[in-house]
Enquirer: 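One structure is given below, represented as structure tokens, and several questions about it will come after.
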Amino acid sequence: MSTQAFAWSKTKAGDNTANREFACDVRIGLAKPQKELHSKYLYDELGSSLFEAITHLPEYGLTRADERLLRRHADDIAGLLPSRVAVIELGSGVGQKTRHLLQAIGGDCLRYYPIDVSADALARCEHDLSDIAEVHPLVQSYLDGMARATAERQPGESFLVMFLGSTIGNFERNCALEFLRDLRASLLPGDMLLIGADLVKEPGRMLVAYDDPTGVTGAFNLNLLGRINRELGGDFQLRDFEHQARWNEPQRRIEMHLRSRLNQTAYIAEADLTVTFRAGETIWTESSHKFQLPELDGMAEQAAFSVDDQWIDPDWPFAENLWAVR
Ligand code: AVJ
């Protein structure tokens with residue numbers, strides 16, 4: 001056992017359910033011919049902070065486009081909502097983009113349920129937004145959080161669910177549809193979904209957004225191996241891997257990979273797993289699907305939503321979509 005693994009076993013509860021699930025996913029993912037790790041594991045506290053830093057990069061226009069649309073059209077959006085509404089946000093992070101809309105909706109006791117895997121981000125969210133809404137943070141998965149929030153529906157009240165930042169793009173296209181159907185199933189007619197989707201643009205522009213010269217996205221990606229070291233007693237040498245971003249044209253998605261610089265072996269104590277890498281072999285860590293406008297309306301249709309409105313940013317092609325449960 002390496003010293004790291006020993007330190008791990010002394011500091012973390014070995015029977016922790018979340019850890020076991022992580023270990024199990026790592027075992028399965030790294031046994032595949034194309035090794036892969038689920039992108040949700042990028043967001044531990046350090047990963048969430050690094051993602052926050054990504055949103056400030058000049059090359060990563062996505063978050064600013066999302067925020068511009070929400071700021072410019074907050075009144076339009078608020079005007080299209082049912083009169084009595086509570087707000088749920090999936091993957092809120094610190095909830096910074098949401099302020100404008102919450103303000104436009106207004107009211108004395110607007111309830112806001114931010115759902116996120118990062119407790120730190122939610123604590124900041126609550127702190128920053130409690131002047132304009134009654135904040136009920138939920139550290140849960142999206143659908144578990146949905147169940148918790150919708151259980152608090154009051155008579156005559158509707159929900160607005162916000163799914164911003166093109167997080168829907170992290171799902172494989174068929175899984176995205178399945179997820180939207182599950183989401184729809186947790187809602188009632190009259191409820192609405194505000195969903196942000198990043199649009200296909202010039203490959204060079206997309207690539208540099210996911211491979212910034214400052215190296216923040218690389219750090220964000222490499223942290224996944226650091227997290228395995230910390231939480232699962234791994235011994236990955238982070239310097240022997242490099243960040244890689246690819247534009248997959250047929251699938252219309254950016255993929256992030258971690259590429260092994262050499263032939264090497266890593267051991268992960270908690271997964272009782274030895275993994276070997278050939279030089280140049282990669283672990284696929286994230287997909288960010290990019291959308292074409294017509295396919296968005298098709299997704300709404302197929303998940304039993306109707307399209308109420310859509311706003312597009314002229315500087316960074318990105319679409320904010322307001323769908324209603326039908
Ligand atoms: C938070 C999922 C929208 O896919 O663009 C940013 C995550 N990954 N840079 C995205 C991310 C690399 C981001 N989302």
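One-based numbering, in listed order, for ligands and for the atoms of each. All of these numbers come straight from a predicted model, not from anything done at the bench.
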Enquirer: Classify the ring geometry of Tyr113 against His136: parallel below 30°, tilted from 30° to 60°, perpendicular beyond 60°.
Expert: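 Correct class here is parallel.
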Enquirer: Can Glu231 and Arg227 be counted as an ion pair, charged N to O under 4.0 angstrom?
Expert: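 Yes.
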Enquirer: Any nitrogen or oxygen of Ser288, side chain or backbone, less than 3.5 Å from one on ligand 1?
Expert: yes
Enquirer: Between Arg27 and Leu232, is there a side-chain heavy-atom distance shorter than 4.5 Å?
Expert: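 Heavy-atom side-chain distance check fails, nothing below 4.5 Å.
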Enquirer: What class does the angle between the rings of Phe179 and Phe171 fall in, given that below 30° is parallel, 30 to 60° is tilted and above 60° is perpendicular?
Expert: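 If you compare the ring of Phe179 with that of Phe171, the planes turn out parallel.
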Enquirer: Return the orientation label for the Tyr43 and Phe220 ring planes: parallel under 30°, perpendicular over 60°, tilted otherwise.
Expert: perpendicular
Enquirer: Going by the order shown, which atoms of ligand 1 are within less than 4.0 Å of some heavy atom of Phe220?
Expert: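 By the 4.0 Å cutoff, the relevant atoms are 8 (N), 12 (C).
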Enquirer: Run through Asn248, Thr285, Thr282 and flag the one making a side-chain hydrogen bond (donor to acceptor under 3.5 Å, both in side chains) with Glu255.
Expert: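 Single side-chain hydrogen bond (donor to acceptor under 3.5 Å, both in side chains) partner of Glu255 among Asn248, Thr285, Thr282: Asn248.
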Enquirer: Under 3.5 Å between any N/O of Glu286 and any N/O of ligand 1: does that happen in this structure?
Expert: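 In this structure, Glu286 places an N or O atom under 3.5 Å from an N or O of ligand 1.
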Enquirer: Closer than 4.0 Å to some heavy atom of Tyr60 - which atoms of ligand 1 meet that?
Expert: 3 (C), 5 (O), 6 (C), 9 (N), 10 (C), 13 (C)
Enquirer: With heavy atoms only and a cut-off of under 4.0 Å, state how Leu62 meets ligand 1: side chain, backbone, both or neither.
Expert: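 Contact part for Leu62 vs ligand 1: side chain (C-beta onward).
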Enquirer: Within ligand 1, which atoms have a heavy atom of Gly165 less than 4.0 Å away?
Expert: 3 (C)
Enquirer: Out of curiosity, is Gly169 lining ligand 1, as in a heavy atom under 4.0 Å away?
Expert: no
Enquirer: What are the atoms of ligand 1, with element, lying closer than 4.0 Å to any heavy atom of Asn170?
Expert: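 It comes down to these atoms of ligand 1: 2 (C), 4 (O).
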Enquirer: Are any of the N/O atoms in Tyr210 less than 3.5 Å from those in ligand 1?
Expert: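 Right, the criterion is met.
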Enquirer: May I ask whether Tyr43 has any heavy atom positioned less than 4.0 angstrom from an atom of ligand 1?
Expert: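 Under 4.0 Å: yes for Tyr43.
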Enquirer: Taking the six-membered ring for Trp and the single ring otherwise, decide whether the centroids of Phe291 and Phe318 are under 6.0 Å apart.
Expert: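 For Phe291 and Phe318, the ring centres are not under 6.0 Å apart.
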